[in-house]
Asker: 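Following this message is one structure expressed as structure tokens.
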Amino acid sequence: MKEIELKINQICIDLSPWISNSNIQPYLEIIKSALQEKKLLTFEYIAHHGDKTTRTVEPYQLVLKSSHWYLQGYCYIRNDFRLFRLSRMSNLQRQEEIFAPREYQKPQLDFDDIWATMQTRIKIRIHKSVMDRVLDFCTYEDFSSDGDEHYIVNFPFVENEYHYDILLSFGDKCECLEPLHIRAEIKRRIHNIAAIYGSMEVVKE
């Protein structure tokens, strides 16, 4: 009996994030009931660049991807199927109106082949203190030692907001060495951040 219990306890699967959005669980229950009863959902949605819109959606599927919940549904604004991230929703309401389900394809969730064509490799120099975080995006084979406390990393990169934010999240523990145009863009973004703080007066007591 103890041996069986030991084997059961050898693996623990917990897909919930370390810090969760308090809206997610009640939203999941609302969406589940709408799926079962084929009822429309309305909600306000924050899309890219902070654009906020009100959506009316036919719900078709709940998707858990990389610890984030999504709703796959037919959007009446876009007249097409869309994948909505629950953490970007607010004021989610189940409507009384029932919809007739339409044929649809499940969302594409595997982007490995697409990312492979979009990615390039950049060279960054990192301090060992952020090595564990950098390993979330590449493998140890991409690292080479640069003294006792630093590494040179061939880092997979796509020139978009998401990947620039990743590099900036490493703070002063990461320096982009090449290519030069990406290094220059990071420098520009750092300058813009510094300008925001530089424009504020220090409040003294």
Asker: Are any side-chain N or O atoms of Asp165 and backbone N or O atoms of Tyr162, one a donor and one an acceptor, separated by less than 3.5 Å?
Answerer: no
Asker: Please report whether the ring centroid of Phe81 lies less than 6.0 Å from that of Tyr60.
Answerer: yes
Asker: Roughly how far, to the nearest 0.5 Å, is the CZ atom of Arg189 from the CG atom of Leu167?
Answerer: 9.5 Å
Asker: Can you name the one residue among Val57, Ile30, Asn91 that meets side-chain contact (heavy atoms from CB on, under 4.5 Å) with Phe43?
Answerer: Val57
Asker: Would you say Lys123 has more than 12 foreign heavy atoms packed within less than 6.0 Å of its NZ?
Answerer: no
Asker: If I compare all heavy atoms of Tyr140 with all of Met131, which pair ends up nearest, and what's the gap?
Answerer: CE1-CE, 3.0 Å
Asker: Just verifying a value: how many Å separate His150 NE2 and Ser145 OG, rounded to the nearest 0.5 Å?
Answerer: 12.0 Å
Asker: Is Asp148 salt-bridged to Lys128, going by a charged N under 4.0 Å from an acidic O?
Answerer: no
Asker: Phe157 and Tyr164: aromatic ring centres closer than 6.0 Å?
Answerer: yes
Asker: Scan Gln93, Gln95, Arg55 and name whichever one has a side-chain hydrogen bond (donor to acceptor under 3.5 Å, both in side chains) with Thr42.
Answerer: Gln95
Asker: I'd like to know if Glu178 pairs up with Arg121 as an ion pair, taking the criterion as any Lys NZ or Arg NE/NH1/NH2 lying under 4.0 Å from an Asp or Glu carboxylate oxygen.
Answerer: no
Asker: Closest heavy-atom contact between Ile24 and Ser87?
Answerer: CD1-N, 3.8 Å
Asker: Give the C-alpha distance, both sets of side-chain angles, the deciding distance and a yes or no for side chain to side chain contact (heavy atoms under 4.5 Å, CB included) between Ser169 and Arg133.
Answerer: CA-CA 10 Å; Ser169 73; Arg133 292 174 55 202; 3.1 Å; yes
Asker: Is a donor on one side and an acceptor on the other found under 3.5 Å between the side chain of Arg125 and the backbone of Lys173?
Answerer: no
Asker: Going through the distances and angles, do Ile124 and Leu177 end up as a side chain to side chain contact (heavy atoms under 4.5 Å, CB included)?
Answerer: CA-CA 5 Å; Ile124 62 174; Leu177 301 179; over 6 Å; no
Asker: Identify the heavy atoms of Ile122 and Cys176 that sit nearest to each other, and give their distance.
Answerer: CD1-SG, 4.4 Å
Asker: According to a hydrophobic-cluster definition based on side-chain heavy atoms being under 4.5 Å apart (Ile, Leu, Val, Met, Phe, Trp, Tyr only), do Ile190 and Val130 belong together?
Answerer: yes
Asker: Do Thr53 and Glu44 have side-chain N/O donor and acceptor atoms under 3.5 Å apart?
Answerer: no
Asker: So, for Cys138 and Phe155, which heavy atoms are closest and what is the spacing to 0.1 Å?
Answerer: SG-CD1, 4.3 Å
Asker: For His181, which residues count as a side-chain hydrogen bond (donor to acceptor under 3.5 Å, both in side chains) partner, sequence neighbours excluded?
Answerer: Glu159
Asker: Any chance you could measure Leu83, atom CG, to Gln61, atom CD, to the nearest 0.5 Å?
Answerer: 8.5 Å
Asker: Is it the case that Arg102 places NZ or CZ above or below the six-membered ring of Tyr74, under 6.0 angstrom from the centre and within 45 degrees of the axis?
Answerer: yes
Asker: So, Tyr76 versus Glu58: side-chain donor-acceptor pair below 3.5 Å or not?
Answerer: yes
Asker: Is any side-chain heavy atom of Leu62 closer than 4.5 Å to a side-chain heavy atom of Leu35?
Answerer: yes
Asker: Are the side chains of Leu135 and Phe143 in touch, meaning some heavy atoms are under 4.5 Å apart?
Answerer: yes
Asker: For Lys39 and Phe99: C-alpha separation, side-chain torsions, deciding distance, then whether side chain to side chain contact (heavy atoms under 4.5 Å, CB included) applies.
Answerer: CA-CA 6 Å; Lys39 291 190 174 181; Phe99 66 91; 5.6 Å; no
Asker: Hydrophobic cluster membership, with links at side-chain heavy-atom distances under 4.5 Å among I/L/V/M/F/W/Y: are Ile98 and Leu71 in one?
Answerer: no
Asker: From Cys174 SG over to Leu168 CG, what is the distance, rounded to the nearest 0.5 angstrom?
Answerer: 8.5 Å
Asker: Got a sec, which residues hit salt bridge (Lys or Arg N to Asp or Glu O under 4.0 Å) with Arg94, two or more places apart in sequence or on another chain?
Answerer: Glu37
Asker: With the 4.5 Å side-chain cut-off for hydrophobic clustering, are Leu64 and Ile31 part of the same group?
Answerer: yes
Asker: Keeping the roles fixed (side chain from Asn160, backbone from His163), state whether a donor-acceptor pair exists under 3.5 Å.
Answerer: yes
Asker: If you look at every heavy atom in Leu86 and Leu28, which pair is closest and at what distance?
Answerer: CD2-CD2, 3.7 Å
Asker: Could you grab the distance from atom CD1 of Ile152 to atom CG of Asp146, nearest 0.5 Å is fine?
Answerer: 4.0 Å
Asker: Between Phe84 and Tyr45, is the ring centroid distance below 6.0 Å?
Answerer: yes
Asker: How long is the span from the CD1 atom in Ile166 to the CG atom in Asp136, to the nearest 0.5 Å?
Answerer: 9.5 Å
